[in-house]
Structure formats: C-alpha cells, structure tokens
Amino acid sequence: MAVVTRKLIINGSEQEVVAEPTRRLLDLLRSDLKLTGTKEGCGEGECGACSIILNDEVVDSCLLLFGQLADGDRLLTVEGLSGSQVPGFSGSNDDLHPLQRAFIDLGGTQCGMCTPGMLMAAYALLCRNPNPTREEIAVALAGNLCRCTGYVKIIDAVEGAAKRMREGAR
C-alpha cells in the first residue's frame with residue numbers, strides 16, 4: 001500500500017509523519033511516534049482510553065485513520081499536557097499540568113488505564129469552561145469508562161484542577 005505524508009503539530013511540535021493512510025492513529029501514536037500514554041481499551045470507540053485532542057475536539061484515536069488527517073492538524077496527547085506548549089500553562093517541560101497534579105493529589109486514578117483519556121476529556125472541558133459544575137464534568141467525561149474509581153474521585157480531581165487553574169496555581 002502507498003504511504004502518505006502529513007505535516008502535523010503534535011504536542012506543540014511540527015512533525016512530518018509518513019504512514020499508510022489506513023493505519024489507525026492510535027497505532028501511529030503508540031508504535032511509530034512512541035507516545036505510549038494514549039491507551040487502547042476496547043478498540044471500538046466505546047471506552048475513551050485512547051482519547052486525544054484533535055484540533056480542539058476530543059476524539060477516539062482508535063477510530064481515526066492516518067489518511068483522515070490533514071496537513072496542519074493539531075494533536076494533543078496526554079504527554080503534551082505537561083510542559084510549556086499547552087496554552088494557559090506556564091510550567092517547564094517537566095512540570096505536571098494542574099489537572100495531572102489534581103488526579104494524583106485527589107485520588108482520581110487507580111489502575112491508570114482510563115487516566116489518559118479522562119485527562120484529555122477533562123482538559124478539553126476546562127479549556128472551554130474554566131468553572132464547570134460537577135454535572136458538567138460528569139457529562140464531559142461520559143465517553144470515558146473507569147472500572148476502578150466509581151468516578152467520584154475523578155470528578156473531585158477535575159473540580160480541584162479547575163479551581164487551581166482559576167487561581168493560577170500549578
């Protein structure tokens with residue numbers, strides 16, 4: 001099969017990526033680009049573990065093919081949350097985003113399988129709504145399944161991160 005080339009902005013860095021157009025974006029991220037934070041849960045777009053942000057929208061990377069991307073598309077993976085390339089976050093490349101810190105501090109993660117997708121969905125929410133209600137958080141996370149936490153601590157973590165971000169704390 002022929003390959004295609006796309007100039008993408010991945011986690012703030014422009015990259016030229018060459019792959020078969022039928023390659024799943026999830027596989028490209030994990031295997032080719034070594035961005036292994038994005039997880040494969042179900043492979044059917046039902047669990048949200050593979051969620052990333054594509055051009056400011058949360059998408060399931062297991063459902064997208066490389067050929068569906070266009071030059072200039074912006075992809076943000078969980079690896080891109082930490083560091084200075086994320087709008088509204090002035091930390092260094094080694095700093096955790098306030099959302100990541102809140103998940104750790106407030107017990108929003110257990111086994112970690114769903115965590116990258118939860119973080120991406122929560123980040124997208126907080127970008128458009130810096131002061132969400134608990135119900136709005138639950139709705140934003142509805143496409144992400146967790147089998148460990150029961151969601152209360154995840155919602156607590158997103159709520160806590162929103163507060164920290166509004167206050168300018170890391």
Could you report the tightest heavy-atom contact between [X] and [Y], atom names first, then the distance?
X: A102; Y: G160; value: CB-C, 4.5 Å
X: A49; Y: P116; value: O-CB, 4.4 Å
X: P21; Y: A2; value: CD-O, 3.1 Å
X: M118; Y: C146; value: CE-CB, 3.9 Å
X: G45; Y: D60; value: O-OD2, 3.2 Å
X: P98; Y: R164; value: O-NH1, 4.2 Å

Item to check | Check against side-chain contact (heavy atoms from CB on, under 4.5 Å), D27 and D32 | outcome: CA-CA 7 Å; D27 300 324; D32 302 358; over 6 Å; no
For the [atom1] atom of [X] and the [atom2] atom of [Y], what is their distance to the nearest 0.5 Å?
X: M113; Y: R147; atom1: CE; atom2: CZ; result: 9.0 Å
X: H97; Y: M165; atom1: NE2; atom2: CE; result: 4.0 Å
X: C62; Y: E46; atom1: SG; atom2: CD; result: 9.0 Å
X: R166; Y: L126; atom1: CZ; atom2: CG; result: 9.0 Å
X: Q100; Y: T115; atom1: CD; atom2: OG1; result: 10.5 Å
X: E159; Y: N131; atom1: CD; atom2: CG; result: 9.0 Å

Item to check | All side-chain hydrogen bond (donor to acceptor under 3.5 Å, both in side chains) counterparts of D71, not counting sequence neighbours | outcome: none
Residues 137-144 side chain polar contacts: donor-acceptor under 3.5 Å, at least two apart:
{"residue": "N144", "atom": "ND2", "partner": "G48", "partner atom": "O", "Å": "3.1"}
{"residue": "N144", "atom": "ND2", "partner": "G117", "partner atom": "O", "Å": "3.2"}

Next on the checklist: Can you see whether S61 engages T38 through a side-chain donor-acceptor pair at a distance of less than 3.5 angstrom?
Outcome noted: no
Checklist entry - Among side-chain atoms of Q15 and S13, is any donor-acceptor pair under 3.5 angstrom? => result no
Checklist entry - How far apart are the C-alpha atoms of V152 and R134, what are their side-chain angles, what is the distance that settles it, and do they pass the side-chain contact (heavy atoms from CB on, under 4.5 Å) test? => result CA-CA 10 Å; V152 172; R134 290 183 72 80; 4.2 Å; yes
[X]: partners by side chain to side chain contact (heavy atoms under 4.5 Å, CB included), with sequence neighbours left out:
X: N55; result: D73, R74
X: I104; result: L96, R101
X: L145; result: C47, Y151

Checklist entry - Does atom CD of E135 have more than 12 heavy-atom neighbours, drawn from other residues, nucleotides or ligands, at distances under 6.0 Å? => result no
Next on the checklist: Let's go through M120 and L81 carefully: what are the C-alpha distance in whole Å and the side-chain angles of both, what is the deciding distance for side-chain contact (heavy atoms from CB on, under 4.5 Å) to 0.1 Å, and is it a yes or a no?
Outcome noted: CA-CA 8 Å; M120 300 315 295; L81 281 184; 4.1 Å; yes
Checklist entry - Which ILVMFWY residues are connected to V4, directly or by a chain of links, through side-chain heavy atoms under 4.5 Å apart? => result L8, I10, V17, L25, L28, L29, L33, L35, I52, L54, V59, L64, F66, L69, L75
Checklist entry - Is there a donor-acceptor pair closer than 3.5 Å between any side-chain N or O of R6 and the backbone N or O of G67? => result yes
Checklist entry - Any donor and acceptor pair, going by atom type alone, linking the side chain of N11 with main-chain N or O of T77 inside 3.5 Å? => result yes
Checklist entry - Would L26 end up clustered with V78 when hydrophobic side chains under 4.5 Å apart are linked, directly or stepwise? => result no
Next on the checklist: For a 4.5 angstrom cut-off between non-hydrogen side-chain atoms, does R23 reach S31?
Outcome noted: yes
